[in-house]
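Here's the structure we're looking at; comments come further down.
In this text, all values refer to a predicted model and were calculated from it rather than measured experimentally.
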Amino acid sequence: MSAGAPPREVKSWRDFIPFIRNELKPKGKIFTPFNIISVPVIFLGAVLIAYRMVMGLGSITNLSQDFPWGMWIGFDVMTGVAFAGGAYVLTFVVYILRVEKYHPIIRATVLNGFLAYVFYAGALVIDLGRPWHIFNPIIGNKFGLSSVLFLVAWHFLLYMAAEFIEISPAFAEWLGWKRVRKILSSMTLGAVVFGITLSTLHQSGLGALFMMAKGKIHPLWYTQFIPILFFVSSIFAGLSLVIFEGTISHKVFSDQLDDEHRTSHNDILIGLAKGCAGAMFAYFFLKVLIFMHGRHWEYLHSGWGLWYLVEIIGLVLIPCYLFLRGAMYKNLTAIRIAAIMTIVGIIINRLNYSVIAFKWYIPLPAHYVPHWMEIVTTLAIVFAEIWVFRWIVNRMPILRKPPAWATEE
Amino acid sequence: MLGAAGTALTAGKSKAAGVTADSGEEFKGVLVDTTRCIGCQSCEEACAVAHDLPIPDIGDESVFEGQRDTSTTQLTVVNRYETEKGEIFVKKQCMHCAQPGCVAACLVKAMQKRVDGPVTWNTNCMGCRYCMVSCPFDIPKFEYNSWNPKIVKCDLCWERLQEGEIPACVEACPTETLLFGTRRDLLEEARRRIYREPEKYVNHIYGENEVGGTSWIYLSAIPFEQIGFKTDLGTVAYPEYSTGFLYSVPIVLILWPAFLMGLSYLTRREEEKEKKEKKR
């Protein structure tokens with residue numbers, strides 16, 4: 001075992017440890033700007049989380065009796081899950097509609113979705129007051145069947161399993177497990193169908209959580225259609241993040257890509273932009289209908305009305321138009337700008353429900369504003385996710401083509 | 001089982017004015033006649049004693065200068081309001097809704113509506129604080145500065161009720177502001193008082209219909225919004241706001257997979273046909 005190169009795949013159990021040990025070694029430069037920034041933040045985040053576990057939630061957050069949910073729910077969970085929506089939309093397009101054009105980005109998207117659930121929904125653990133009871137709704141220490149959160153909790157867990165199955169052939173290819181890969185890929189379609197169903201329900205379910213906050217959320221945002229709005233917006237939130245992430249990935253991981261993939265990428269982005277524009281127009285139309293029915297004209301004259309218009313015109317309608325224009329004139333810069341605007345719009349929308357327009361009648365300074373330690377913890381989680389994503393992409397066939405043996409069949 | 005999440009709410013609907021549990025047992029509650037309260041805070045002290053909480057200094061009248069909220073160490077507080085009819089004192093605590101939002105919100109049934117009326121908290125809670133988001137009265141309080149936090153709120157002295165006693169605050173009240181009984185009887189009594197002295201009371205029993213009915217009901221000499229009550233909550237029980245979504249869950253859960261499998265089947269057939277034709 002001492003001599004010779006480490007194994008390139010795991011043929012027997014004896015290969016496993018040397019293989020993993022070899023793969024754990026860093027690849028590429030160590031002192032990159034990203035590493036220099038992210039490592040201290042992750043370290044600080046870990047210390048803060050440990051401190052919070054001992055001293056309680058109040059020690060590092062600005063949560064209060066009036067604002068039980070802050071940035072960790074409003075940004076990490078609500079927004080993170082919306083951005084993970086790209087996975088279910090693209091698996092629908094590739095595995096159900098069988099549009100082969102998008103196949104090159106499917107694995108990166110599903111991996112991103114899976115990791116988003118692990119890290120951002122996982123961030124829920126540090127937000128729970130009594131996290132050691134997190135498995136109570138799963139193991140049956142009383143089922144709160146009438147709770148929307150019960151449904152969301154179960155769906156998170158099941159969806160993580162479904163996404164793991166969807167991405168698992170890449171793991172098997174990495175390890176060189178041919179038979180396991182065959183079994184796992186035969187489960188893909190089932191996992192996709194299950195995953196899309198679960199996503200429909202828990203994307204809208206996250207919105208349904210706020211149904212009982214009637215009277216606490218500003219009337220411009222509170223409507224009985226919140227679940228539908230959350231579902232529709234998760235479509236273009238997810239696709240925008242795919243555009244954004246794909247743009248960065250293609251620069252950072254360009255060594256992973258073959259020429260065929262590179263040339264098709266622009267075409268893929270244009271297709272995604274069209275999808276975004278369509279979903280965003282539908283969303284905008286829904287918003288207008290709901291506004292008309294709500295008869296909330298009087299609120300438009302207030303500062304909240306302006307804030308509402310910024311979100312709905314500035315960060316939905318304008319990027320929608322930019323997407324459409326970018327797709328028509330094949331202007332990738334316009335598409336990327338639109339994606340970033342949409343991402344900002346989704347962050348603001350989810351934060352409006354959970355934090356900003358929540359108890360809008362409590363003005364600053366009594367209103368919740370995240371503590372810097374909450375922001376650092378969130379950044380640490382985001383960076384940790386990127387680290388794991390990078391580690392996997394550099395080792396497994398996520399962006400690059402699968403090994404020849406896997407595509408032969 | 002996930003499908004069941006959609007149907008669980010059918011029970012608990014249309015209990016007229018929320019006076020009985022599903023089992024038919026009468027909900028107990030308390031009638032608060034704010035015209036009788038003198039602000040002695042005996043109820044606050046008795047509550048602290050009954051729940052092993054720090055005993056408040058009830059001789060200190062400076063607490064009335066601002067409006068107080070219940071907290072993790074005070075399950076009930078009395079507030080003073082200066083009104084056109086003079087000083088009015090109002091006791092605040094959990095309203096013990098007939099169909100509580102917090103109970104519907106709880107994913108582990110740590111919040112429970114007991115058959116005799118009290119809404120209580122149990123230690124299998126995971127601390128998600130969804131009950132706090134869902135409570136129309138913002139009553140559940142969370143211990144933010146503990147590694148092992150609890151949700152704290154009035155439990156209508158549920159343990160005392162089991163032993164046949166009445167809630168500590170009611171027992172301590174020297175002016176009969178608080179009256180304990182079945183919710184049905186309390187509503188009758190409240191109506192009787194309004195009927196006998198129509199010029200003394202406003203013609204409204206707070207909690208009779210608010211959020212589908214609450215176990216604590218209030219009488220007042222002046223409109224309720226002037227003494228710190230939320231009067232825009234509506235009469236729909238809070239759990240019903242999420243029933244529409246929950247009902248749609250089993251439908252999506254059954255229809256989506258069938259629809260997606262069918263669609264996948266359609267696209268696969270055409271793809272295979274193309275492949276075959278290419279081979280020829």
Side-chain angles (χ1 to χ4, degrees), chain A residues 53-59 61 63-66 68-69 92 95-98 124 127-134 136-137 141-155 158 189 192-194 196-197 200-201 204-205 207-216 224 226-227 358, chain B residues 1-2 4-9 12 69 71-72 101 103-110 122-130 132-134 136 138 141-151 230 232-234 238-239 241-242 244-246 248-249 252-253 256-257 260-261 263-264 267-268 271:
Chain A
M53 287 300 171
V54 179
M55 302 301 289
L57 265 172
S59 62
T61 70
L63 296 175
S64 64
Q65 306 299 353
D66 270 321
W69 286 355
F92 175 73
Y95 293 110
I96 305 292
L97 298 181
R98 283 167 216 275
L124 205 60
D127 189 78
L128 289 179
R130 306 157 68 90
W132 48 92
H133 285 162
I134 192 171
N136 277 355
N141 188 358
K142 292 183 186 161
F143 287 140
L145 291 174
S146 59
S147 171
V148 177
L149 196 57
F150 177 79
L151 173 125
V152 171
W154 263 96
H155 282 203
L158 294 174
L189 184 64
V192 164
V193 167
F194 194 48
I196 295 168
T197 308
T200 310
L201 287 171
S204 50
L209 287 179
F210 293 109
M211 296 311 290
M212 283 198 286
K214 190 181 193 300
K216 298 183 191 177
Q224 65 192 105
I226 295 175
F358 184 85
Chain B
M1 184 189 53
L2 290 169
T7 48
L9 270 173
D69 193 5
S71 69
T72 50
V103 171
C106 188
L107 74 168
V108 291
K109 287 190 181 165
N122 202 350
T123 50
N124 63 329
C125 164
M126 52 195 247
C128 71
R129 309 186 296 288
Y130 187 29
M132 300 170 73
V133 173
S134 305
D138 287 316
K141 298 291 187 288
F142 181 80
E143 294 175 330
Y144 282 104
N145 293 310
S146 162
W147 70 272
N148 185 16
K150 298 191 289 289
I151 291 282
K230 289 186 182 175
D232 55 354
L233 293 174
Y238 262 45
Y241 289 117
S242 47
F245 173 76
L246 288 171
S248 71
V249 170
V252 172
L253 220 47
W256 250 231
L260 292 170
M261 289 309 280
L263 203 57
S264 151
T267 53
R268 175 164 47 204
E271 196 182 55

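In this structure, no portion of B:Ser71 lies under 4.5 Å from any heavy atom of chain A. Using a 4.5 Å cut-off between heavy atoms, B:Asn145 touches chain A through backbone and side chain atoms alike. Proximity to chain B (any heavy atom under 4.5 Å) is shown, for A:Ser204, by both the backbone and the side chain. The part of B:Cys106 that comes within reach of chain A is its backbone (N, CA, C, O), which places non-hydrogen atoms under 4.5 angstrom from that chain. Of the two parts of B:Phe142, the backbone and the side chain both hold a non-hydrogen atom closer than 4.5 Å to a non-hydrogen atom of chain A. Within the 4.5 angstrom heavy-atom criterion, only side-chain atoms of A:Pro227, from C-beta onward, approach chain B. Neither the backbone nor the side chain of B:Asp69 comes within less than 4.5 Å of any heavy atom of chain A.
In this structure, A:Trp132 and B:Trp147 have tilted ring planes: the angle between them lies in the 30° to 60° band.
Just one residue in the list B:Leu107, B:Leu246, B:Val108 forms a side-chain contact (heavy atoms from CB on, under 4.5 Å) with A:Phe150, and that residue is B:Leu107.
Side-chain contact of B:Ser264 with A:Arg98: a donor-acceptor pair under 3.5 Å is present, judged by distance alone.
Within 6.0 Å of atom NZ in A:Lys142, more than 12 heavy atoms from other residues, nucleotides or ligands are found, so the atom counts as buried in its surroundings.
Here the side chain of B:Tyr238 pairs a donor or acceptor atom with the backbone of A:Lys214 at under 3.5 angstrom. A donor-acceptor contact shorter than 3.5 Å links the side chain of A:Arg130 to the backbone of B:Pro149. Side-chain N or O atoms of B:Thr267 include one that pairs as donor or acceptor with a backbone N or O of A:Ile96 at under 3.5 Å.
Note that CE of B:Met126 and CG of A:Leu149 are 6.0 Å apart. Values are rounded to the nearest 0.5 Å. If you take OG on B:Ser242 and CD1 on A:Ile226, they are separated by 11.0 Å, rounding to the nearest 0.5 Å.
Minimum interatomic distance between A:Leu209 and B:Tyr130 (heavy atoms only, all atoms of both residues): O-OH, 2.7 Å. Heavy-atom minimum distance, B:Met132 versus A:Gln65: CE-OE1, 3.3 Å. Closest approach of A:Val193 to B:Leu260, counting heavy atoms only: O-CD1, 3.7 Å. Residue A:Leu189 comes nearest to B:Met261 through the heavy atom pair CD2-CE, 4.4 Å, listed as atom of the first residue, atom of the second, then distance. Taking both residues in full, the closest heavy atoms of A:Pro68 and B:Arg129 are given as O-NE, 2.8 Å, listed atom of the first, atom of the second, then distance. Across B:Phe245 and A:Leu201, no two heavy atoms sit closer than the pair CZ-O, 3.5 Å.
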Pair A:Phe358-B:Val133, side chain to side chain contact (heavy atoms under 4.5 Å, CB included): steps then yes or no:
CA-CA 10 Å; A:Phe358 184 85; B:Val133 173; 4.1 Å; yes
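With chain A as partner, the option from B:Ser146, B:Cys125, B:Gly244 having the largest number of non-hydrogen pairs under 4.5 angstrom is B:Cys125. Interface summary for chain B: among A:Ala208, A:Gly207, A:Ser59, A:Gly215, the most heavy-atom pairs under 4.5 angstrom belong to A:Ala208. When the candidates B:Val252, B:Asp138, B:Ile151, B:Asn124 are compared by the number of heavy-atom contacts under 4.5 Å with chain A, B:Asn124 comes out ahead.
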